[in-house]
Amino acid sequence: MVEIKYLGHSGFSIKHGDVKIVIDPFLTGNPLAKQKPEHIEADYVLISHAHGDHSSDGFSIAARCGATIISCYEIAVRAKQKGIKSHGLHIGGSYTFPFGKIKLTIAHHGSSFFDKTGNPVNLGTPCGFLIDLGETLIYHSGDTGLFLDMKLIGELNKIDIAMLPIGGNYTMDENDALKAVEFLKPKFVIPMHYNTFDLIKADPNDFKKSAASICEEVVILNVGDSKIF
Ligand code: NI
Ligand code: MN
């Protein structure tokens with residue numbers, strides 16, 4: 001049994017037994033967020049890339065909770081430099097944690113942050129996550145465009161829940177996300193990375209209708225909603 005709460009944007013908190021895993025929390029500066037980062041509890045924080053809408057609150061939540069950041073090597077090193085526990089992996093690599101196994105997948109995107117002078121600083125490569133909790137396998141793609149290797153990810157993994165962006169502009173839009181569902185063959189799909197800003201407007205109900213025949217269910221979670229899978 002896995003309880004998944006949608007924090008908005010690409011952010012989720014997953015409760016599995018006693019373990020709390022948070023992915024890409026974006027609450028500070030998110031007009032749709034229902035919670036403050038101070039109210040999020042985590043044992044592990046997964047960060048898909050360095051962009052502020054995926055990493056900023058992740059660092060502060062991990063620091064406050066004494067949680068371990070799981071991310072690509074460069075972000076993990078940066079976390080350690082800030083005194084935060086971390087475990088770095090890289091694309092295609094996996095590691096079995098006490099709660100389950102995490103594998104890093106490719107994502108076609110950027111992974112920089114901007115220093116005090118406004119210069120972009122690159123922090124490794126963006127990634128997605130395969131999160132194998134034993135009875136439940138979750139795929140969080142991170143920010144990415146559609147890529148053909150999703151077919152391989154779907155072939156090698158029996159995905160129960162796929163979290164996929166549908167907002168376009170910076171990531172896949174609804175149409176490309178439909179193709180991603182075809183490739184990945186997940187049971188459930190949770191759309192993410194839409195409607196936070198005008199640039200990433202999308203109608204998840206349109207997507208749900210179109211994807212009805214290619215997966216068991218598109219689960220639209222409103223910000224703050226939880227569902228048990
Ligand atoms: Ni991004
Ligand atoms: Mn983003």
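Read the numbers this way: they start at 1 and go in the same order the structure lists the ligands and their atoms. Residue numbers start at 1 and run along the sequence shown.
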Query raised in the report: Using a cut-off of 2.8 Å, how many protein N, O or S atoms lie below it in distance from the Mn ion (ligand 2)?
Result: 4
Report summary line: Note: with side-chain heavy atoms under 4.5 Å as the link, the other cluster members for V45 come out as L7, V22, L27, I40, I47, F59, I61, I69, I75, I84, F113, V121, L123
Query raised in the report: What residues, two or more places apart in sequence or in another chain, satisfy side chain to side chain donor-acceptor pair (under 3.5 Å) together with D143?
Result: H49, H54, H109, H193
**Report entry** K208 NZ: over 12 foreign heavy atoms closer than 6.0 Å
**Finding:** yes
Report summary line: Note: A177 and M172 closest approach over all heavy atoms is CA-SD, 3.9 Å
Report task. Apply salt bridge (charged side-chain N to carboxylate O under 4.0 Å, His left out) to K179 and list each qualifying residue two or more places apart in sequence or on a separate chain. Result -> E182
Requested in this report: Return yes if some donor-acceptor pair links the side-chain N/O of D43 with the main-chain N/O of V19 below 3.5 Å, else return no.
Outcome: no
Report task. Have a look at D143 and say which of its N, O or S atoms is nearest the Ni ion (ligand 1). Result -> OD2
**Report entry** For the Ni ion (ligand 1): the N/O/S atom of H51 at shortest distance
**Finding:** ND1
**Report entry** Metal check, the Ni ion (ligand 1) vs H49 N/O/S, cut-off below 2.8 Å
**Finding:** yes
Requested in this report: Return the orientation label for the F99 and Y44 ring planes: parallel under 30°, perpendicular over 60°, tilted otherwise.
Outcome: tilted
